[in-house]
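Sequence lines set the chain letters: A, B, ... in the order given, protein chains first and strands last, and positions in each chain run from 1. Quantities reported herein were computed from a predicted structural model and do not represent experimental measurements.
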2 protein chains.
Amino acid sequence: MSARPTLIHVAELAGVSLASASRALNGMVASPETVAKVRAAALSLGYIPDATARSLKLGHSLQLAFAVDDVGNPVYVEMMRAIETVVRGSGYRLQVSSTGTDPAETVDLVRSLARGYADGLVISPLRVTDELIVELKRAAVPVVVVGTLPDTVQLDTVQTDSARGVGLAVAHLVESGRRRIGFLNGPLDTTPGMSRRRGFVEAYAAHQLAPAAGSVQEVAADFTVAAGRRAALDLLSRHRDARGALALDALVAANDLLAVGAIHAALELGLQVPEDLAVVGMDDTELAGFFNPGLTSVSLGSAERGRHAAELLLARLSDPARPTRRIVVQPTLVVRASTQTDPTPEGTVR
Amino acid sequence: MSARPTLIHVAELAGVSLASASRALNGMVASPETVAKVRAAALSLGYIPDATARSLKLGHSLQLAFAVDDVGNPVYVEMMRAIETVVRGSGYRLQVSSTGTDPAETVDLVRSLARGYADGLVISPLRVTDELIVELKRAAVPVVVVGTLPDTVQLDTVQTDSARGVGLAVAHLVESGRRRIGFLNGPLDTTPGMSRRRGFVEAYAAHQLAPAAGSVQEVAADFTVAAGRRAALDLLSRHRDARGALALDALVAANDLLAVGAIHAALELGLQVPEDLAVVGMDDTELAGFFNPGLTSVSLGSAERGRHAAELLLARLSDPARPTRRIVVQPTLVVRASTQTDPTPEGTVR
DNA sequence: CGAGCGAGTGGAAACGTTTCCAGTGGCGAG
DNA sequence: CTCGCCACTGGAAACGTTTCCACTCGCTCG
């Protein structure tokens, strides 16, 4: 029932000074007898050092933070696992914060780092506002951003070329004989949304596809299955020809969740995947592998990005003066059942 | 590049004492002029109070922790969302820790609560060892357990009757005309694994099913899709009759991830779901809703359990002396396509 | 008109550590 | 024998807060 034992109690019981007790427990210079006495006292009292007091004195907390908009997205789970693996090896603890979609909340979180509860931050923001960039640069502790920032910003960054990723998806579909390719994007006020749109428009032009790229794009309300389903229903019903037949034969989705939503929409409309409609996702999350049908997906190397980000953060912590680095992880295509069928002859209308 | 401003700097700039500055910022008694001066000084310096020092002085951190074995399991994501919603409203921050499957790590985590980095803990352990129970009871801060503990343990608890949940699943399958029902369980050294097995054996007996319940059970290495697939392949191939036809017509899985793995296995073996094999999952995660085919699943009310757990924790924090409570959330069955031979829209039963 | 009160203030202690600094004693070298 | 070095120790300061306490001052009330 007594209060939690402090180092003072340990020192008293061991019959040594507070200073010696601290030294003994922390492996600083101390005689073997002192160490033994203090260890015994600590053990018998069940002493556990107070992290708060320690942090205050030492000026750091041995905690790192990982902030994402939506923990529900499996891509972040993968990233988190990778980060945790790296971080744990260095004696840090990882704390995960879900910021929600409100940019103001994200800014708040970054600002609150100055409160000292974490020694560093890995953040993967969907929406990068000017205000957020300002806060990230003046943050009280080192920050590594997973995602794309304007070139001028001097910050450690791990990014991927998701525009090129969309290009891979489109190329794969074209090679598979698809020509009427639609694009299911996430919100355009997000960084991934913007770059993926660019990637789609470029790929569309490069392959000289018709009709105009603009008419085959649809924007979902957010990067979720439900939003993907709704947006895909819109897109697909907009592209029926005069006889009601589908005028699209493939869909690229800006992430796996949207892709899953799209497949749902297709099935609801009585379409077969991949026969009537091929679908490509993006992120290559676990979900893509075990969805039915298996989802062809563009891997953006989430685990790899997480690992890089964590390593960058640790490096910056040990040397605050080192030049900032920008690591780019290249996308790769993982082909699964959702796009694999015998190539349809060009121009065939279904 | 001056150091981070402290309250001392603010007080100096405002021309008041440290004590007054603190009071002014915290809304304690202070003259309007003092408040104005201090506020202005704090603003112009960009002062942000140090959470560590504050915690040390105040004796609490305004952080709560949520510990789970595997953040990759969507059931925990749902729980976490619910918990966060509740605690955020009370001014606490939520910190998520993934302990991994090693019970020793979980024990370590609970023990480390005494370090003062969190004021309370919600924990949902898969494996409940005696050692863990001891640590939970003597934990330095209030703990709420999501899961089942021995009746004698005095701790705030939110549990569900998952044995009864398995019963619902079996009953539903029997009503749908299935008689040869297999059970795909998770590891038997976990609490859910044990109680779900009990539920299955009881239900099996109640419905007078044959053959012996033991022969139709299979245990997966863990609660993941991959392990589910492997175990289901074993189980299904073991139950071919002499002519190679399948001797099972339904499978109950101990969670949704295992169920998804089982469906995979079935498809690989050329079986149709639900025609050849009906599959029921458990947890009714988001995944169940958007999987293809839609997965019939026993909802164990994850969000509800999370909410209850958070509320229990807050209540305990505000009144440490209150008697412990044990809340039980009842399972319900959500029927989807994976058990319905004639496609009907999804709906909730019971 | 004096006592008493309440609002407001500043000094200083405290939270539990780590670490600087000044000692103490023992012991080998000169 | 004495000096200096070394290993070890304890006192005390410090980290940045909050809050207790004592104090002043202007008012009101009896």
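Overall, the helix from C/dC1-D/dG30 to C/dG30-D/dC1 carries an axis bend of 50° between its ends, with five pairs at each end and the value rounded to 10°.
Residue-level contact check: A/T34 touches the backbone only, with heavy atoms under 4.0 Å from sugar-phosphate atoms and none from bases.
Taking B/E131 as the reference, nothing meets the side-chain hydrogen bond (donor to acceptor under 3.5 Å, both in side chains) condition, with sequence neighbours excluded. Applying the side-chain hydrogen bond (donor to acceptor under 3.5 Å, both in side chains) criterion to B/T34, with sequence neighbours excluded, gives B/S31.
Looking only at atom types and distance, the side chain of A/S17 has a donor-acceptor partner in the side chain of A/S20 under 3.5 Å away.
Residue pairs meeting the side chain to side chain donor-acceptor pair (under 3.5 Å) criterion with at least one member in residues 95-110 of chain A, sequence neighbours excluded, are A/E105-B/R88.
Remark: B/S31 is in phosphate contact with C/dT9, judged by side-chain N or O atoms under 4.0 Å from OP1 or OP2.
At a threshold of 4.0 Å, the pair A/E33-A/K37 does not count as salt-bridged, since none of the basic side-chain nitrogens sits closer than that to a carboxylate oxygen. The residues A/D156 and A/R326 are annotated as not salt-bridged, no charged nitrogen and carboxylate oxygen being separated by less than 4.0 angstrom. The existence of a salt bridge linking B/D70 and A/R81 is confirmed by a sub-4.0 Å separation between a basic side-chain nitrogen and an acidic carboxylate oxygen.
Between A/M79 and A/V68, the closest side-chain pair of non-hydrogen atoms is not below 4.5 Å.
Residues from residues 109-118 of chain A with heavy atoms under 4.0 angstrom of DNA chain C: there are none.
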Review point. If the sugar-phosphate is the primed atoms plus P, OP1 and OP2 and the base is the rest, what is the B/S/- string for nucleotides 16-24 of chain D, using protein heavy atoms under 4.0 Å?
Key: BBBBB----
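Residues A/V77 and B/G72 share a closest heavy-atom pair of CG1-CA, 3.6 Å.
Atom CD in A/E33 sits about 16 Å away from atom C1' in D/dG10, given to the nearest Å.
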